[in-house]
Amino acid sequence: MFDKLAKVVGIFSEALRDALLFLRFNSYSPLVDKSRRAFYKIIIEAHTIEKGLSLPNPKLLFGKDKIRFVMAALSRYDLQHSAVPAHMSLGALDAYVNFHAKVGASDPLLDEIANYLKTWEAKLPRPWKGGTRDYSFNGQPPSSLQHLMASRSSIRTLQSTPLHPDRILEAIALAQLAPSQCNRQSSRVHAYQDPERIQALLALQGGSRGFAGSVGNLFVVSSDICAWGGPGQRNQAYVDGALFAMCLMFACRSMGWGACPLNLAINHKTESAIRSAGDIPAGERLIMMIAFGEPIAPDTRVAFSPRRPVAEIATLHA
């Protein structure tokens with residue numbers, strides 16, 4: 001009895017420590033280095049431009065406020081911290097101008113962007129690693145694990161045709177090969193093909209504007225909270241759930257489908273609404289949504305999403 005009570009008290013204690021740690025080091029904290037905060041903020045906003053350009057039918061002159069924010073923030077950014085946000089932003093802005101040039105659109109903003117890009121050419125020469133890139137399914141499954149990983153990308157040009165349930169179960173079975181702590185297998189996946197329910201779920205998620213109408217197949221990955229106990233395991237639902245979700249996306253790619261992860265960075269109210277709309281048990285913690293299906297065409301365009309140099313993220317300890 002005392003041991004169980006100690007674990008309950010420990011959960012509250014660790015939750016408080018988690019909150020204090022997040023408050024100290026989150027992106028709004030004035031105690032965090034400005035360059036580190038700017039790095040992530042610029043990348044986030046630049047990626048919204050990339051995502052907009054990767055949609056089947058990008059809206060003309062979309063994201064004006066975000067574009068002006070990116071240009072202003074990048075002008076203040078210290079390139080010595082990392083060149084990745086600059087590459088990503090400049091590449092996205094360049095692709096934005098080129099897209100509008102191809103469709104014959106004109107606007108003072110486009111001239112403003114073009115002049116801004118010229119000011120950067122001496123500081124960071126082309127080619128810039130950002131914007132969009134060509135992507136091809138080639139009609140063939142990946143030939144190796146390396147090819148599978150290298151060829152996965154977020155696909156937003158999906159057919160709305162529902163996939164055969166047996167094929168969906170086959171993909172889920174592949175994802176079950178994901179590791180889980182002590183083989184708990186707490187991950188759960190809810191698959192939807194009803195158009196009205198999918199649209200209701202996507203509306204609550206809020207991150208699929210521009211292509212939600214073409215989503216005919218949707219996963220919601222969750223984790224059974226009952227699998228975990230005690231303060232030390234408070235985050236394991238997310239760890240195991242994320243591993244499962246990544247394997248599920250690889251499974252989709254191996255079967256020739258396109259897939260796009262949709263984050264669930266949401267509050268409890270929205271999470272409860274999603275559970276209700278999706279008929280998901282209250283004891284499951286939501287991890288992410290994944291839109292998936294046959295690609296509209298074998299060749300499409302996807303966000304460039306440049307990766308950081310390995311040296312920027314790796315620390316080799318003696």
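The structure displayed is predicted, hence computed values, not measured ones.
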Task: Note, L93 side chain near M71 side chain (heavy atom, < 4.5 Å) - done: yes
Task: Note: E170-R167 ion pair, threshold 4.0 Å (strictly below) - done: yes
- [ ] Count the heavy atoms belonging to other residues, nucleotides or ligands that lie under 6.0 Å from CG of D33, then report whether that count exceeds 12.
- [x] yes
Task: Over 12 foreign heavy atoms within 6.0 Å of CZ, R17 - done: no
Open item on the list: Do K41 and Y77 form a cation-pi contact, if we require the NZ or CZ to be under 6.0 Å from the six-membered ring centre and within 45 degrees of the ring's axis?
Closed with: no
Open item on the list: Are more than 12 heavy atoms, taken from residues, nucleotides or ligands other than R36, located less than 6.0 Å from that residue's CZ atom?
Closed with: no
Task: Any L145 side-chain heavy atom under 4.5 Å of L148 side chain - done: yes
Open item on the list: Determine whether a donor-acceptor pair (N or O, by modelled atom type, separation under 3.5 Å) exists between the side chain of S13 and the backbone of V9.
Closed with: no
TODO: Please lay out, stage by stage, how S29 and N26 fare under the test side chain to side chain donor-acceptor pair (under 3.5 Å).
DONE: CA-CA 6 Å; S29 173; N26 83 90; 5.2 Å; no
- [ ] Just do the side chain to side chain donor-acceptor pair (under 3.5 Å) check on T132 and S54 with the steps written out, would you?
- [x] CA-CA 7 Å; T132 58; S54 71; over 6 Å; no
Task: For G293 against L158, the heavy-atom pair lying closest together - done: O-CD2, 3.7 Å
- [ ] Using ring pair (Phe, Tyr, Trp, His ring centres under 6.0 Å) as the criterion, list what pairs up with F39, not counting sequence neighbours.
- [x] H81
Open item on the list: Is there a continuous path of hydrophobic side-chain contacts, each under 4.5 Å between heavy atoms, that joins L53 to I296?
Closed with: no
Task: Any donor-acceptor pair under 3.5 Å from D94 side chain to L117 backbone - done: no
Open item on the list: Show the nearest heavy-atom pair for residues G258 and P295, with the distance to one decimal.
Closed with: N-CD, 4.2 Å
- [ ] Please list, chain by chain and in numerical order, all residues satisfying ring pair (Phe, Tyr, Trp, His ring centres under 6.0 Å) with F304, sequence neighbours excluded.
- [x] none
TODO: Identify whether I287 and F292 are in the same connected component of the hydrophobic contact network (ILVMFWY, side-chain heavy atoms under 4.5 Å).
DONE: yes
Task: Test item: Q233 side-chain N/O and G229 main-chain N/O as donor-acceptor pair under 3.5 Å - done: yes
Task: CA sep, side-chain torsions, deciding dist, call: S222, L286, side-chain contact (heavy atoms from CB on, under 4.5 Å) - done: CA-CA 4 Å; S222 61; L286 305 187; 4.1 Å; yes
Task: Euclidean distance, I266 CD1 relative to I274 CD1, rounded to 0.5 Å - done: 4.0 Å
TODO: Go through the steps to decide whether E121 and W128 satisfy the test side-chain contact (heavy atoms from CB on, under 4.5 Å), and finish with yes or no.
DONE: CA-CA 10 Å; E121 289 178 348; W128 295 316; 4.0 Å; yes
- [ ] Decide yes or no for V32 and R24: does some side-chain heavy atom of the first lie under 4.5 Å from some side-chain heavy atom of the second?
- [x] yes
Task: Same cluster (ILVMFWY, side-chain, under 4.5 Å), I43 and Y96 - done: yes
Open item on the list: Quick check: do L74 and L90 have side-chain heavy atoms less than 4.5 Å from each other?
Closed with: yes
- [ ] Using atom types as modelled and distance alone, determine if a side-chain donor or acceptor of R156 lies under 3.5 Å from a backbone N or O of V302.
- [x] no
Task: Geometric class of the Y192/H190 ring pair [parallel <30°, tilted 30-60°, perpendicular >60°] - done: parallel
Task: Heavy atoms from other residues, nucleotides or ligands near NZ of K59 exceed 12 (cutoff 6.0 Å) - done: no
Task: From CG (L243) to CG (L248), nearest 0.5 Å - done: 12.5 Å
Task: Test item: Q205 side-chain N/O and L264 main-chain N/O as donor-acceptor pair under 3.5 Å - done: no
Open item on the list: Using a 6.0 Å cut-off, check whether atom CG of D166 has over 12 heavy atoms from anything other than its own residue.
Closed with: yes
TODO: State whether the side chain of Q193 and the backbone N or O of L163 hold a donor-acceptor pair below 3.5 Å, judged by distance alone.
DONE: yes
Open item on the list: If I take atom OG from residue S223 and atom CZ from residue R285, how far apart are they, to the nearest 0.5 angstrom?
Closed with: 10.5 Å
Task: Interatomic distance, E284 atom CD to C226 atom SG [nearest 0.5 angstrom] - done: 11.0 Å
- [ ] Give a yes or no answer on whether the side chain of H100 reaches the backbone of L61 with a donor-acceptor pair at less than 3.5 Å.
- [x] yes
Open item on the list: Whether the side chain of R307 engages the backbone of S305 through a donor-acceptor N/O pair (distance < 3.5 Å, no angle test) should be reported.
Closed with: yes
